[in-house]
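Contents: one structure, followed by commentary.
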Amino acid sequence: MTTKVDVTTLSIVLNGYFEDSSYITGAQATRDDFEVFNALPQAPSADKYPHLARWYKTISNTEASVEEKCEHPDCGCEVIECSDKNECEDCDDCEAPAPNPNECEHPDCGCEVIKSDTNEGEQSDEDFELFGSDDEEDEEAAKLRAKNLAEYKAKKAQKGPGPAAKTTVVYHVKPWDIDTDLDELETMIRAIQPDGLVWGQVAKRTHVAFGIHRLEIYNVVEDEKVSVEDIKEQIEGFEDHVQSVDIALMSKI
């Protein structure tokens, strides 16, 4: 579920997230960083959002230096639009050698592969073998393909699992009445600490009506460990302090 949210709220969320993180995922820029970067309408204010502005400048410089074209030297195939936005020699998933320049397949890489200029179906007289065995050639190609696939799987297994999928969630918490202590309510909410959840350091008070202010607070959760709806229900469980809870934003990171 994705809910539209104003740029100010999104900037607050991202600024808080980048206070402790350099990138959306991992220790270097990935496709997630470029998707968020392109979603921002303009460069954020360094005075209002210093951490977001630092990240924005880093991604801007990174994007300018990315090569859009790269090659697999051992494969003979030309590869464009690498999913990791890096040169292919730095993309481990792209390094699986192919048994044939015209059968280059990197199933988990996400790269678009263009066949090399090798001419299919054309043989010179010197290469033509009148009594050649197609079965023998097919068997050798199958063995080579199996060997390359085994090496690729072994290398991928050594890398271990990729980064956990995460979601940023913004909650709008409406207090029970005008006398509800929002500082106390925030402390109670932050005490909800299941494994895989990290609360943002910034919480915002926004005027609703008749002197009542709602609490806007966000967290980052690991999708496999934490249910967003469970957290919402736990907040609603503070019946003496909470009138309602709305999920204002859910964004994959």
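Starting from 1, each residue takes its place in the sequence as its number.
A donor-acceptor pair under 3.5 Å is formed between the side chain of Asp177 and the backbone N or O of Asp179. Proximity of a side-chain donor or acceptor of Asn219 to a complementary backbone N or O of Val198 within less than 3.5 Å is not detected. Remark: side-chain polar atoms of Asn38 are paired, donor with acceptor, to backbone N or O of Phe34 under 3.5 angstrom. Side chain of Trp199 to backbone of Ile217: no donor-acceptor contact under 3.5 angstrom is found. A distance-only check finds a donor-acceptor pair linking the side chain of Asp33 to the backbone of Ile24 [under 3.5 Å].
Within a 6.0 Å radius of NZ in Lys174, other residues, nucleotides and ligands contribute 12 heavy atoms or fewer. The number of heavy-atom neighbours closer than 6.0 Å to CD of Glu239, taken from other residues, nucleotides and ligands shown, is 12 or below.
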Q: Evaluate the side-chain contact (heavy atoms from CB on, under 4.5 Å) criterion for residues Trp176 and Val242: first the C-alpha distance (whole Å), next the side-chain angles of each, then the deciding distance (0.1 Å), finally the verdict.
A: CA-CA 5 Å; Trp176 182 254; Val242 176; over 6 Å; no

Q.
Working note: Asp246 + Lys232, criterion salt bridge (charged side-chain N to carboxylate O under 4.0 Å, His left out); need CA distance, chi angles, decisive distance, verdict.
A. CA-CA 8 Å; Asp246 294 320; Lys232 178 176 178 290; 6.0 Å; no

Q. Does the side-chain contact (heavy atoms from CB on, under 4.5 Å) test come out yes or no for Lys252 and Asp223, once each step is laid out?
A. CA-CA 9 Å; Lys252 298 290 184 181; Asp223 296 345; 2.8 Å; yes

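A side-chain contact (heavy atoms from CB on, under 4.5 Å) with Leu185 is found for exactly one of Asp183, Leu182, Thr187, namely Leu182. For the side-chain hydrogen bond (donor to acceptor under 3.5 Å, both in side chains) test with Thr206, the passing option among Arg214, Glu216, His172 is Glu216; the others fail.
Aromatic ring orientation, His213 versus His207: perpendicular (interplanar angle above 60°, classes split at 30° and 60°).
Taken to the nearest 0.5 Å, the CG atom of Leu52 stands 10.0 Å off from the OG atom of Ser45. Taken from CH2 in Trp55 to CG in Asn15, the straight-line distance is 11.5 Å, to the nearest 0.5 Å. The structure places CG of Leu14 at 7.0 Å from OG1 of Thr168, a figure rounded to the nearest 0.5 Å. Separating the OG1 atom in Thr9 from the CG atom in Leu249 is a distance of 8.5 Å, to the nearest 0.5 Å. Between the NE2 atom in His51 and the OG atom in Ser11 there is a gap of 13.5 Å [rounded to 0.5 Å]. Distance NZ/Lys166 to OG/Ser251: 13.5 Å, rounded to 0.5 Å.
Looking at every heavy atom in both residues, Met250 comes nearest to Val228 through CE-CG2, 4.0 Å. Across Ile231 and Pro194, no two heavy atoms sit closer than the pair CD1-CG, 3.9 Å. Of all the heavy atoms in Val13 and Tyr218, the pair that sits closest is O-OH, 3.6 Å. Residues Thr8 and Lys204 come closest through the heavy atom pair CG2-NZ, 4.5 Å. A pairwise comparison of heavy atoms in Ala46 and Ala53 identifies CA-CB, 3.7 Å as the closest pair. Nearest approach of Leu197 to Val226, heavy atoms of both residues: N-CG2, 4.1 Å.
A heavy-atom distance below 4.5 Å is not found between the side chains of Leu215 and Tyr171. In this structure, the side chains of Asp230 and Glu233 come closer than 4.5 Å at one or more pairs of heavy atoms. Residues Thr167 and Val220 form no side-chain contact, since every pair of their non-hydrogen atoms from C-beta on lies 4.5 Å or further apart. Using a 4.5 Å cut-off on side-chain heavy atoms (C-beta onward), Ile189 and Phe238 make contact. Under the 4.5 Å side-chain criterion, counting only non-hydrogen atoms from C-beta, Ile235 is not in contact with Met188. Between Thr58 and Ser22 there is no side-chain heavy-atom pair separated by less than 4.5 Å. Side chains of Glu229 and Ile247 form a contact here, defined as non-hydrogen atoms less than 4.5 Å apart.
Under the 6.0 Å cut-off for aromatic ring centres, Tyr56 and Phe37 qualify, their centroids lying closer than that.
Hydrophobic clustering keeps Val208 apart from Val173 (ILVMFWY residues linked when any side-chain heavy atoms are closer than 4.5 Å, directly or through intermediates).
Residues forming a salt bridge (charged side-chain N to carboxylate O under 4.0 Å, His left out) with Glu186 (at least two apart in sequence, or on another chain): Arg190, Arg205.
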